[in-house]
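Since the model is a prediction, treat every value here as computed from it, not as a measurement.
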Amino acid sequence: MFAKVLMRRIGNIQFTYKTRKLSSKPRLAIVGSGPAGMFACNGLLRKSNFLVDVFEYSPVPFGLVRYGVAPDHQEVKNVINTFDAMFEKNRERLRLYCNVKIGQDITFDELTRGYDAVLLAYGSYKARKLGVPGCDSKNVISGSDFVGWYNGVPNAPTPDLSASNVVIVGNGNVALDCARVLSTASSGSLRISDIPDERLSVLEKTATKDIKILGRRGPENVSFTIKELREQFKIQEWDSKLEISETDLKNLIESLPKLERKKKRLTEVLVKNTGTTSGLRQCHFLFHRVPKEVVADSNGMVRELVVENTETSKTETFPCELLIYSIGYETLVLDGVPQNENKMIDMKDHCRVNINAECPAHVYATGWCAHGPRGVIVDTQQQSSFVADQIASDFIHTRHSIAPGVDLVLNERKVPFISWDAWKMIDQQERDQGKLSGKIREKFTTFEKFLSKRLE
Ligand code: NAP
């Protein structure tokens, strides 16, 4: 009985754990090292006795904090210090496996056999497609690809920034991040940030002089947050305005007394910044523009976006040599994870996944992969802390475990990964290299030389 209990099968490998002590602690796998996973991890390490392994798809940790947060919002990236302290303080209980793809290197099924609990926190990383004729033309890119490129995502394609006219589709914060970075790059103000040098040199030469940010609905429906919106209006040498109809302006003003505080303050900023742009560099916020077609030249390069103006029922054409569509993300469900009719993870409640009875592990999900790509980091933090409480309380009476983790599978398959110690070495080298040119860090964009050699 004892030996049988201690036998586990992962993939083609049979493990027998005769030597494993019954006093070993329950094991948790976290999929994703972005804010959702790391805030939950922090809570769980404090509230439970779990041994935790964190799996990250990218070669380096922290997901959107490293690759999504804008380079001029370094204060938001300071949250990395909290995660850093968490890893250092819990070296005995917490391990990091970057460059390990769940669903590819390790299947979800294998993960559930290797751990007592699995927490899915892998976010949403696939941009929603624009889906109009011509949208595959050259220099039509998603906001998330543009953000990933300037933030140093390995192998991100370089956009052509020689464009003078840029159109950005979408009224969310990613659209604002793209517009702000394009509007400020040539001033040199991003030189001290963490944009990799080779990408910064392209960005700083941008010829952009005219940006149009298009909303498909009216100004009352924007998804911007106030801080990011104000930042765009404050950029020197740029005239940024909402160019809206009298009807829209009247409706915005009349709505003010009925709005709750947050929305009211945002609407006041919108109203205050209406007008017509002028000057050498202009950013126009335009509404009721539904994209219909992308027109390219004979080289396949984008030249125009055709839209329907739903306020006037007219067709309009905006010239552009760079088109960024920033219209949200698709939520991906990893192979093997239960999926509902909306193609989202099938959740039983706010944090438990609706797994079948045979699944050997408890499975949870948090953050964007669980509830869709919404909210800023503070929202994620609150949700993750709640999920950590829930998992800790589910395991309050489970002090022992025989779950083997997946080390042996990774070894057997020779999956090269970057551990916490390897990341700290990269981190230090990036900081040291950045210091030489007065930057916060010089982000590396290739990591081959750091990938674990132990498996060769
Ligand atoms: P988002 O906030 O969901 O905005 C997506 C925008 O795309 C909406 O304006 C939406 O319009 C529009 N849209 C969707 N489908 C469209 C279509 N087919 N044609 C035209 N427009 C379309 O998405 P996001 O900007 O990617 O941001 C995702 C989340 O990350 C948000 O919660 C955001 O606040 C957060 N974020 C925060 C920061 C920050 O804190 N600084 C920075 C970046 C991102 P409708 O409203 O009409 O659907």
**Prompt:** For F444, does the CZ atom have more than 12 heavy-atom neighbours from other residues, nucleotides or ligands under 6.0 Å away?
**Reply:** yes
**Request:** Calculate, to the nearest 0.5 Å, the distance between atoms NE2 and CZ belonging to H362 and F395 respectively.
**Result:** 4.0 Å
**Item:** 4.5 Å side-chain heavy-atom contact, V307 and V290
**Value:** no
**Request:** Carefully, step by step, assess K227 and E75 under the rule salt bridge (charged side-chain N to carboxylate O under 4.0 Å, His left out).
**Result:** CA-CA 13 Å; K227 173 178 175 284; E75 73 288 354; 3.5 Å; yes
**Item:** Ring geometry between F285 and F224 (parallel below 30°, tilted from 30 to 60°, perpendicular above 60°)
**Value:** perpendicular
**Asked** Between the main-chain N or O of G134 and the side-chain N or O of S137, is there a donor-acceptor pair closer than 3.5 Å?
**Response** yes
**Message:** Can a donor-acceptor pair be found, under 3.5 Å and without considering hydrogens, that links the side chain of Y122 to the backbone of L334?
**Reply:** yes
**Asked** What residue among M425, K443, K439, E442 forms side chain to side chain contact (heavy atoms under 4.5 Å, CB included) with E430?
**Response** K443
**Request:** Run through E231, R180, Q232 and flag the one making a side chain to side chain contact (heavy atoms under 4.5 Å, CB included) with S240.
**Result:** Q232
**Complete:** CG (L322) and CD1 (I141) are apart, to the nearest 0.5 Å, by 5.5 Å
**Request:** Please examine the side chains of L332 and C369, heavy atoms only from C-beta on, and report whether any two atoms are closer than 4.5 Å.
**Result:** no
**Asked** Can we say R95 and D407 salt-bridge, meaning some charged N sits less than 4.0 Å from an Asp/Glu carboxylate O?
**Response** yes
**Request:** Return the minimal non-hydrogen interatomic distance between R27 and D53, and the atom names on each side.
**Result:** NH1-OD2, 3.8 Å
**Asked** Any chance CD of E237 has more than 12 other-residue heavy atoms, nucleotides or ligands included, within less than 6.0 Å?
**Response** no
**Message:** Looking only at side-chain N and O atoms, does D109 offer a donor or acceptor that is under 3.5 Å from a partner on T107?
**Reply:** no
**Prompt:** Quick one: do D427 and R441 make a salt bridge, cutoff under 4.0 Å?
**Reply:** yes
**Prompt:** Would you say the side chain of V174 lies within less than 4.5 Å of the side chain of V147, judging by non-hydrogen atoms?
**Reply:** yes
**Item:** G32 to V54 - nearest heavy-atom pair and separation
**Value:** O-CG1, 4.0 Å
**Item:** From CA spacing to verdict: side-chain contact (heavy atoms from CB on, under 4.5 Å), S186, E204
**Value:** CA-CA 4 Å; S186 59; E204 284 191 328; 5.8 Å; no
**Item:** Test item: S58 side-chain N/O and V60 main-chain N/O as donor-acceptor pair under 3.5 Å
**Value:** no
**Request:** Answer yes or no: is there a donor N or O on one side and an acceptor on the other, between the side chain of N165 and the main chain of E321, under 3.5 Å?
**Result:** no
**Asked** Between F146 and Y150, is the ring centre distance below 6.0 Å?
**Response** yes
**Message:** Testing the basics here: between S187 and T184, what is the closest heavy-atom pair and its distance to 0.1 Å?
**Reply:** OG-O, 2.6 Å
**Prompt:** If you take all heavy atoms of S223 and G172, which pair is closest and at what distance?
**Reply:** CB-CA, 4.1 Å
**Prompt:** Does N354 CG have over 12 foreign heavy atoms under 6.0 Å away?
**Reply:** yes
**Message:** Let me confirm one number: the CG-NE2 distance from N173 to H73, rounded to the nearest 0.5 Å.
**Reply:** 9.0 Å
**Asked** Looking at L190 and A185, what are the two nearest heavy atoms and their distance?
**Response** CD1-CA, 3.9 Å
**Message:** Can you confirm whether more than 12 heavy atoms, excluding those of N221, are under 6.0 Å from its CG atom?
**Reply:** yes
**Flag, side chain of S326 to backbone of A175, donor-acceptor distance under 3.5 Å** = yes
**Message:** Is any side-chain heavy atom of V406 closer than 4.5 Å to one of Y115?
**Reply:** yes
**Prompt:** Side chains of Q428 and D432: donor-acceptor distance under 3.5 Å anywhere?
**Reply:** yes
**Prompt:** For L203, does its backbone N or O pair with a side-chain atom of T206 as donor and acceptor, under 3.5 Å?
**Reply:** no
**Asked** To the nearest 0.5 Å, how far apart are SG in C41 and CZ in R93?
**Response** 9.0 Å
**Asked** Any ion pair linking K89 and D84 (charged N to carboxylate O, less than 4.0 Å)?
**Response** no
**Prompt:** Taking N340 for the side chain and N342 for the main chain, is one N or O donor matched with an acceptor at less than 3.5 Å?
**Reply:** yes
**Message:** Any non-hydrogen side-chain atom of C283 less than 4.5 Å from a side-chain atom of I213?
**Reply:** yes
**Message:** salt bridge (charged side-chain N to carboxylate O under 4.0 Å, His left out) for D421 and R91? Distances and angles first, verdict last.
**Reply:** CA-CA 10 Å; D421 285 331; R91 279 180 167 274; 2.9 Å; yes
**Item:** Residue pairs fulfilling ring-ring contact (aromatic ring centres under 6.0 Å, His included) with at least one residue in residues 322-345, sequence neighbours excluded
**Value:** Y329-W368
**Prompt:** Under 4.0 Å between a Lys/Arg side-chain N and an Asp/Glu carboxylate O for K129 and E330?
**Reply:** no
**Request:** Evaluate the ring planes of F447 and F450, with Trp represented by its six-membered ring, and classify them as parallel (under 30°), tilted (30 to 60°) or perpendicular (over 60°).
**Result:** tilted
**Asked** Rounded to the nearest 0.5 Å, how far apart are OG of S183 and CZ of R281?
**Response** 9.5 Å
**Heavy-atom neighbours of Y57 OH exceed 12 at 6.0 Å** = no
**Request:** Please confirm whether the backbone N or O of A36 pairs with a side-chain atom of S384, one donor and one acceptor, at under 3.5 Å?
**Result:** yes
**Prompt:** Which heavy atom in N99 sits nearest to a heavy atom in D105, and how many Å separate them?
**Reply:** O-OD2, 3.7 Å
**Item:** Residue E198 excluded, over 12 heavy atoms near CD under 6.0 Å
**Value:** yes
**Asked** Does atom CD1 of I192 have more than 12 heavy-atom neighbours, drawn from other residues, nucleotides or ligands, at distances under 6.0 Å?
**Response** no
**Item:** Steps toward side chain to side chain donor-acceptor pair (under 3.5 Å) verdict (Q382, S385)
**Value:** CA-CA 5 Å; Q382 284 165 357; S385 156; over 6 Å; no
**Prompt:** Looking at F62 versus F83, is the centre-to-centre ring distance below 6.0 Å?
**Reply:** yes
**Request:** Answer yes or no: does atom NZ of K101 have more than 12 heavy-atom neighbours from other residues, nucleotides or ligands under 6.0 Å?
**Result:** yes
**Request:** Starting at SG of C351, measure out to OH of Y364 and round the result to the nearest 0.5 Å.
**Result:** 7.0 Å
**Asked** Checking N90 side chain against L94 main chain: does a donor-acceptor pair fall under 3.5 Å?
**Response** no
**Request:** Go through the steps to decide whether D197 and R199 satisfy the test salt bridge (charged side-chain N to carboxylate O under 4.0 Å, His left out), and finish with yes or no.
**Result:** CA-CA 5 Å; D197 272 348; R199 299 185 187 186; over 6 Å; no
**Request:** Answer yes or no: is there a side-chain heavy-atom contact under 4.5 Å between M344 and H371?
**Result:** no
**Message:** Determine whether T158 and W149 satisfy the following criterion, side-chain contact (heavy atoms from CB on, under 4.5 Å), listing intermediate values before the conclusion.
**Reply:** CA-CA 7 Å; T158 307; W149 171 76; 3.6 Å; yes
**Prompt:** Judged by atom type as modelled, is there a donor-acceptor pair below 3.5 Å linking the side chain of R352 to the main-chain atoms of V363?
**Reply:** no
**Request:** State, yes or no, whether a side-chain contact exists between L28 and L44 at a heavy-atom distance under 4.5 Å.
**Result:** yes
**Heavy-atom side-chain contact between Q74 and S193 under 4.5 Å** = yes
